[in-house]
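Small disclaimer: the values here were computed from a predicted structure and weren't measured.
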Amino acid sequence: RSESYASIMSSVTLALLDAANDRDPVVQEQVRKSILTLGNQQPDKVLSMCQDYLLKHPKLVVGHRVVILQTIELVVKSRIDDISYPKIKSVIQLASDEMTKSKEVVPEWQQAASNILVAVGNKYINDIMEEILRKFQPGVLPHFFVVQTLANLSDSNVYGMVPFLNAIMGTMLPMLGMTKQDNMKWVFSSALCHFSESILEYLANLDKAPDPTVRKDTFSSEIYSAYDILFNSWMQSRESKLRLTVAEALGSMSHLMAHDKLEEQLPKLLPTILGLYKKNSEHYIISKSLCQILEASVNMGSRVLETQIDGLLVALHQQICSPMDFSNPPTVKNHNEVLRCFTILANTFPDRLMVFVLQRLENSNKRNRMGSLAVLRHLINSSTSIMETKRLLILASIRQPLADHSNKVKKRVVQVISAMAHHGYLELEGGDLLVRFIIQHCALPDTYHVQTTVTHYHISYLTPDQHDSLRSMCDNTLHLFTTTVGRLTDVLWPMLLCYLTPNQYANATTPLCKSLILLANKKQTAQEPNFIIDFNAQVLTLKLLKLMLHFPQVNAAFPFRCRGHGAPSLSLLHAISPNIHPKAEPLWENEIPKLVNYFEGLLKYTTVMYFLYRCIGVILQQCYNKELVRKQLQEILIGTRHNDAIERTGVAMGIGLCASSHLDGTLEKLEEFGKSDAFRKASGIFGLLKDKNDVDVEKMKSTLILCYGYVALHAPEDKLLTRIDSDILHNISKNFNTKVKQSALFIECFCTFQHIESWLSSGQDHERERAVKTTAELLQFYLDNLRVKNLVTFHNLGALVGRLAPRCTDPNPEVRRAAIDCIYRLMYIQLRYEGFSLDYKDDSVEGLLVVREKLSNPDHSVLYKTCSELTKIISKRLPQQQLSTLLFMLYDGLVDAQSNCSRASSVILNTLLKNRGAGLQDLVPEMLEVLHNRLQVIGEEQVKVAIGQSILILATQHLQTVVNTLVAYPLPYDSWSCEMWIALGADSTLALQIMEMIIEKLNVMVPYVDKKESMLRPGLTKVATSQPLAMTCALREMMLNGQSADAVAYLFPKLFSALLVRLGSSVGVQLPKDLNNICVSLCCVLSVAVEALRILLGRAQLDAVMKPLDQEGSLELSCCFLSHCGKIKCDHFEEAILSNRAMAKHAGPRLPSIVESLCPSLCNIYECQRITVTAFFSELLNHHVVTELMILDMLMNNMMERITDTCGTVRMLAVRGLGNIAVGSPEKVNKYAKELLAAMSSGMEENDDPGKLITLEAMSGMSKILLYLDQKNVHLLVENDEIRCASIMLLGNLSKFGSGEPVFKDQIHNVLVSLLLHLSDPNPQVVKACKYAMRICAPVIGSEQISAMFQNHLLEEKGLHHGEFINDLTKYLVRSKSFLYYKNTHRIAECLVMLLQDPDPLVRVKAAEAMGHFH
C-alpha cells in the first residue's frame, strides 16, 4: 500500500511540474504553491522529482526552469532540517550546474539557481563552499553569478562565511587586475562591499562568533590591495552605476584598512568621493559611503581629517540644502545620511562646525537657511552633551531667521524651536522671544472669502492667503509645549496670559486659551502653589488683570470671530476662576457650560438655515402656483441675514433651483429686489449716520450677484440664451464696482463652461475635441481680462484641473494637447490671483509645454509617465484647500468612458495621495465611500487595482480612520467592501498593524448579548454583536490576499488564538435581526469564524491541519463538540477532534506562543470560550509534542485549575486532558502521579454530573494512567484491582445511556486498546468485567461483523484464545475503512491530473490547489 501511495504522489507531482509554466500566471502561481506544499511534507521525494525533471528536459524554456528552481529554493528554505544529507549534496550540484551552464549572463535563470545555493548555505556552508570554490580558481575569471553567490552568502550566513573570506579575497585579488568588462567590475566591487560589511558584523558580535580570535588586521592587507585597484582604476570609469558601487565598497572597506593606510589615503579619497556629487544624479550611495569613511577616520583619531574639514562642510551643506522629495525615497535617505555626517563631525570638531552652521544661518538665501536650520535641529536633538555649552550662542543666532519672510523658512524655524524646547533652551534668557514667535504665527489672520458653488466651481472674492498651514503648525507646537514638555510648565504659566490682551495676538486667542486651560488644570490637579497668581510679583499689572477679565466677555459677545474664540475664552475664565475671586468658581461652574452650549447651537443654526433654504428651492421648483412662488421669493430675499456668508449661499442656491421651473418670475423678482428701498437705505449723506447693525448694502449686493449666478446655472438652456445678456449680465453689471464686474466675468465664463462640460467626456472624438478647445479659449479669455488688485485664491482651480487633467491621455491627440493648454492657463490664472504680474513666467508651469510635446506619442507607457510628470507640476502649484475638490473630481474620472482617461485619473489620484494625502484625515471616510461606489461601476481591471492602491495609501497615512470606517460598513460585506479589505492585505507591514489592532479588539469585545426572543417563549437567545462579527469578516478578507502571508506568519499564534476563541464564541449564536433577512453570504455567525480559520491555516501553509478540516465539515463539528461535548452523534466523534489533533501534530514551534495567547481566555466570563480553550489544551496533551516544546507544565497547571470550573463541560474536558497525558507523554505520568490520581478520583466522585460524562472521562483517564504507573506509586491507589474492575463495569453500564452520543463513541474508541489488553489481565474479575463491557458497548464500534464477534466470543464463563482473537479483530478493522479510502484517493488523483489540462484557467487553478493536498 505504501508503494501505491508513493505512485500517486509521484504522478501528482509530475503533473504539477509539467504545468509549472502554464500560460496563465494565476495557474502558474497556484501550481508553484501546490508543489511547495507537497515538498514541505515530503521534501526528499519532491526535490528528487524536480531534479529528475530538469535533467530529463535539458531544453526546457528558461521561464519553466526558473519556476522549478524557485520551488526548490522554497522547499529548501522551509524544510532544510528535514532534508537528507545525500539529497542536499545533489541539490547543491544541480544548482551549481544550472547557474554556470551558460557562459552568458541570463539573470533570471542564474539568479534562481544562485538563490538555492544561498538557501542551502545557511546550514551547509562547508559543502557549498567546496562546490563554489571549484569554480573560483586562481588565474581564471569566474562566472558572474559565482561571485554574486559568494556576496549573497556573506550576507545570509555571516558566521559561516567570514572564516572563508581571507582565502577568497586572496584568490580574488589577482582577478581584479584581469577584469576588463564593466559588469564583472561591478560584481567584484559589490562582493567586496558585502564581504566588508559581513566582516564588520562578525567583529561587532565576537561574543556570538565561532572564532572570537578574528581581528581587523586579519583582512587589512587584502582589503588595501583591493582598495588600490578600485580607487585608482575602477573609480575613473565612465559608467555611473559602476562608480557608485565602487564608492559604496570603499565606504565599507575603509573600516577594515590599516590606520596608517587610511590616514595616507584620506587627502585623495575624500575629495574624490565629494567630486562624485557632481558626476552622479543619485547621491544617497555617495553620502552613505562618505559617512562610513568619516566614521572610520574619527574612530582611529585621524589628524588629516582636520585639513579636509572646510571642503567637507561646504559639500555637505550643499547636499543638506537640496530639497527632499518624499515621493522619492533615495532623496530622503540621502538627507538622513548627510545629517549623520554632521553628527560625526560634531563629535570631533564641534566649534568649527557650529561656527560654520551659524554663519550659513546668516545667509538670507532661503535654501541655504533651511539647510542650516535642518542641521541645527538635528544637532540639538542628537548631540545634546556637545551642544550644552553652545546653547546661549544658538539662542542668539536664531534671532536672525525669526525675521525671515519665507513661510518654508518659518516652518523650519518652528521645528528648531520645538527641538530647543525639549532640551531646555526656552528656559534660558531669550527663550521668551521664541515663544513669542510661535504665538505671533498662531495669530496669523484668517483667509476670508465669500463663496458659492457652481456644481464644483466656486465664485469667490478673497483676501490674501494667510498661510493656514504655518498657523496650524504653530498651533500644534504650542499644544505640544503644553502637553509633552513638562519642564516648560513654569515658563508658560502665567506668561501666556500676557498675550491674550494685545490686539496683534487676537487670532491666537483660541490656541492660547486651550493651552492655558491645560496648564491651569494641570497645576490645580497637582495642587501646585503657583497656580494662584501673585499679580503684585508678576509682570501682570492690575490694569492688565482688568483687561484679562474683560477679554473673555468681549470675545463672548462676538463668539465666532478669531477662529471661534468665544467658547475657549469662557472655558479659560472658568479654569482660572480661583485667581479672580473665591465666589466666582461655584457660580461659573454652573453658568459657563450653558453659555458654551449656546454658542455651539448658534453655529449649528447657520448650517441648518443653509440647508433649509435649499429645501425651499426644491419645493418651489415643483410648485405650480406662480403667485405663491413670487410671495415666497419675496420673503426669502427680505428675511435673509445677508451678513452671513453661508446663509447667503443657501439662499442663492435655493433661488437658482426655483429658476429651473420659474425663470421669468424669478428674474422679475430679483430685478424688483435690486430696485427696492433696501438698496437705497444707506445712500446719500444720511448713510453716514446709519446704525452699525444695519445690513451692509454691499453684502446684499453679494447675495443678489450669487442669486443671478445660480439662476444662470439652473435655468433651462433654451430659455437662458435669450435672457443672459438682457436680464442677467445687465443687472449684474449696471450698478456694481470693478470688483463685482470681475465676478460677473467669472460667472459668465463658468456658466458657459457648465453648458459645455458634459461634452468633455462625449463618446465622439470630434465632440470632445471641440469641447476641450472651447474650454481652452474660454480660459484664455478669462486670463486676458482678469484684473486682480488684491491677493486672492482661485477657489475653482482644483475642480477644473480635476475635470480636465484626465483628458491629457485622451485617445485623440488634439484633445490631449488642448487639455494641457487648459491646465497651463488655469495655473497662470492661479498665479495672477496670487499677485504675480502679467509677464511672470513660472518654471514649473512652463514645464507643461514640454509635457505637451511628449503627448504626441500615442504609446501608453509614455502617456502615463507624462501624466505622472503633469501631476508633480499640479501638486506643486495647487493650494492645500483645493486638494479635496481635485480628488473628488478625479474620483468621477475613474469611470470615464475612455479607458485611457480613467487610468490617467487613477495615476494622478494616487500620486497626489502619496504626496499630500497626510493632511486629509477628516475626508478619509468620505473618500472611502466614494471609492466603494466607484468599484461597483468600474469594469477596467487596471483601474480597480489602482483603487486598491488608493486605499493602501490612505491606510498608510490614516490607519485608524480607515480601519474604523471600513469596519463600520454594513454587514454582510458586499463584494466591493471585500475588495477594499483584500487591498489592505497587499502591504505586509500595513496588514500586520491592522491585524494586531483587530486581534486586540476581538480579545476584549463582547461577542454576543443575551436577548429575549419572544414574550411567549421562555429563555434567552444569544445574538451576535456587530463589531466583532465585522472584524472577523475583515480578517477573513485580508488573509485572502497572498501578499499578507508574511504578516500572517508573524502573527499566526495570535491570529489562530483569537479566531479559535471567536469560533467557540460563535456556536449557537444568531445573527442580529437586521441581518437575518438580508444575509446571504453570512449563513450563520459560526461560518464566518470557520472560514477565517480555514483561510488562516491555508495561508500559514498548514495543509496537514487543513486536510482533516476539509473532510465532511469537521471544523464545524469540532466547534459543536467543543461547546456541547457529549451532545452530538457518536459517529462524528472522531472527526470532531481532528482539527486540534492536526494542530498538535503539525503546528510545531508555533504551539508555545499559541498556548500563551490562549491562556487568558481560560478565565473568561464566557463559558463557550473556556470550553473551546480547554478542549484545545486537552487534545494537545494527547501528543508528545508538548513535552518536546516544554509546555507540559503550563498545560498541566491550567487543566488542574479547570477541574474546579463552574461549568461541567469544562471540568469534563479538563479531566480528559489530564488523562491524555498518559497517551501523549507517558514518561511524565509518574511525575504528576499524585495530581493525576487525585483529579481522576475527584472526577469519579462528581455529584454535579447529570449525564455521568465527567465520571466516564475520569474512569477512562484512570485506565490510561494505570498503564504507566510505577510500582513506587502504586501505594497511592487503595484498591488497584477493585478500582480497575469497577471502572470497566461502570463503562459498560454507562453505554445503556450514552450509546447514541458521539462523545461516548469517542470514549469507546479511546479505551478499546486498554480493554483488549485487560482481556488477558491476571485477575479473572477484571477479565470478566472487560468481556461484559465490550459486549454491551459492541454496537458503538459501528461494524456489524465486530459486534457479532464480541457477542459470540466474549462470554464471561467461556475461555478465550487472546492472540487469535486480536488477529481476527485487526482484519475486520482494516477492511472497514482503510482500503476504501485508498481506492478513492487513487481515483481522485487521476481525475485531477486530467483537469489540469482543462481549457478554463479557473478549473486548472482549482485542480492544482486540490493536488497540493496529496501528502
Side-chain angles (χ1 to χ4, degrees), residues 455-457 754 756-765 767-768 771-772 798-812 815 819 860 863-864 867 871 883-913 917 920 923-955 962 965-986 1033-1034 1037-1038 1040-1041 1078-1081 1402:
T455 310
H456 298 285
Y457 313 103
Q754 179 65 24
I756 65 171
E757 182 181 8
S758 60
W759 300 102
L760 291 174
S761 53
S762 167
Q764 300 296 322
D765 283 5
E767 291 177 352
R768 294 198 310 280
V772 178
L800 287 168
V801 169
R803 194 71 182 85
L804 292 162
R807 302 259 71 84
C808 294
T809 60
D810 193 278
N812 185 335
V815 174
H860 287 187
L863 287 179
Y864 296 136
C867 189
T871 309
L883 182 59
S884 60
T885 309
L886 171 56
L887 291 175
F888 283 103
M889 290 302 295
L890 290 170
Y891 291 142
D892 291 340
L894 293 174
V895 293
D896 197 285
Q898 304 297 323
S899 60
N900 275 17
C901 297
S902 62
R903 292 174 189 172
S905 295
S906 66
V907 172
I908 298 169
L909 177 66
N910 286 344
T911 306
L912 287 171
L913 286 176
L920 298 171
L923 291 173
V924 169
E926 189 177 350
M927 287 194 285
L928 289 173
E929 183 60 32
V930 173
L931 289 173
H932 179 263
N933 293 336
R934 293 294 176 269
L935 276 173
Q936 300 174 35
V937 294
I938 289 172
E940 184 75 25
E941 192 60 35
Q942 190 172 334
V943 179
K944 282 188 176 181
V945 172
I947 288 181
Q949 286 296 315
S950 302
I951 296 165
L952 266 181
I953 295 165
L954 288 173
V962 169
T965 302
L966 293 182
V967 165
Y969 276 17
L971 292 173
Y973 286 147
D974 55 35
S975 60
W976 305 289
S977 300
C978 291
E979 285 184 34
M980 297 172 83
W981 278 113
I982 290 172
L984 290 176
C1033 294
E1037 300 304 328
M1038 286 183 67
L1040 284 173
N1041 193 319
I1078 63 170
C1079 195
V1080 177
S1081 61
L1402 183 59

(message) When you compare the side chain of Ser761 with that of Gln898, does any pair of heavy atoms fall below 4.5 Å?
(response) no
(request) Supply the atom-to-atom distance Cys901 SG to Leu760 CG, rounded to the nearest 0.5 angstrom. (result) 10.5 Å
(request) Given side-chain contact (heavy atoms from CB on, under 4.5 Å), test Trp981 with Val967 step by step and report yes or no. (result) CA-CA 9 Å; Trp981 278 113; Val967 165; 3.7 Å; yes
(request) Dump the intermediate steps for side-chain contact (heavy atoms from CB on, under 4.5 Å) on Ile982 and Met1038, then the final yes or no. (result) CA-CA 5 Å; Ile982 290 172; Met1038 286 183 67; over 6 Å; no
(message) Looking at every heavy atom in both Ile908 and Cys867, which two are closest together, and how far apart are they?
(response) CG1-SG, 3.5 Å
(message) Rounded at 0.5 Å granularity, tell me how far CZ in Phe888 sits from CG in Leu909.
(response) 10.0 Å
(request) Kindly give the heavy-atom pair with the smallest separation between Ala819 and Val772, and that separation in Å. (result) N-CG1, 3.5 Å
(request) Verify, without hydrogens or angle tests, whether Asn1041 (side chain) and Glu1037 (backbone) share a donor-acceptor contact under 3.5 angstrom. (result) no
(request) Taking only Lys NZ, Arg NE, NH1 and NH2, and the carboxylate oxygens of Asp or Glu, determine whether Asp896 and Arg903 approach each other closer than 4.0 Å. (result) no
(message) For a 4.5 angstrom cut-off between non-hydrogen side-chain atoms, does Leu883 reach Leu920?
(response) yes
(request) Check whether any side-chain heavy atom of Asp974 sits under 4.5 Å from a side-chain heavy atom of His932, and report yes or no. (result) yes
(request) Indicate the atoms forming the closest heavy-atom contact of Pro806 with Ala904, along with that distance. (result) O-CB, 4.1 Å
(message) Do Ile938 and Ser902 make a side-chain contact, defined as non-hydrogen atoms from C-beta onward lying under 4.5 Å apart?
(response) no
(request) Report the distance from atom CZ of Arg803 to atom CG of Leu886, rounding to the nearest 0.5 Å. (result) 13.0 Å
(message) Determine whether a donor-acceptor pair (N or O, by modelled atom type, separation under 3.5 Å) exists between the side chain of Asn900 and the backbone of Asp810.
(response) no
(request) Determine whether Leu931 and Leu894 make a side-chain contact, defined as any pair of heavy atoms from C-beta on separated by less than 4.5 Å. (result) yes
(request) Output yes when a side-chain donor or acceptor of Tyr973 lies under 3.5 Å from a complementary backbone atom of Leu966, and no otherwise. (result) yes
(request) Indicate yes or no: does Arg934 engage Asp892 in a salt bridge with an N to O separation below 4.0 Å. (result) yes
(request) Using atom types as modelled and distance alone, determine if a side-chain donor or acceptor of Arg768 lies under 3.5 Å from a backbone N or O of Ser762. (result) yes
(message) Counting C-beta onward and ignoring hydrogens, is there a side-chain heavy-atom pair between Leu928 and Leu954 closer than 4.5 Å?
(response) yes
(request) Quick one: do Leu923 and Glu926 satisfy side-chain contact (heavy atoms from CB on, under 4.5 Å)? Show the steps, please. (result) CA-CA 5 Å; Leu923 291 173; Glu926 189 177 350; 3.8 Å; yes
(message) Measuring only between side-chain heavy atoms, which start at C-beta, is Tyr891 closer than 4.5 Å to Met927?
(response) yes
(request) Step by step, work out the side-chain contact (heavy atoms from CB on, under 4.5 Å) result for Thr809 and Val907. (result) CA-CA 11 Å; Thr809 60; Val907 172; over 6 Å; no
(message) Restricting to non-hydrogen atoms, name the atom on Met980 and the atom on Leu935 that form the minimum distance, rounded to 0.1 Å.
(response) CG-CD1, 3.7 Å
(request) Taking the side chain as every heavy atom from C-beta outward, state whether Gln936 and Asn933 have any pair of such atoms under 4.5 Å apart. (result) yes
(message) Under a 3.5 Å threshold, yes or no: a donor from one side chain and an acceptor from the other, between Asn910 and Ser950?
(response) yes
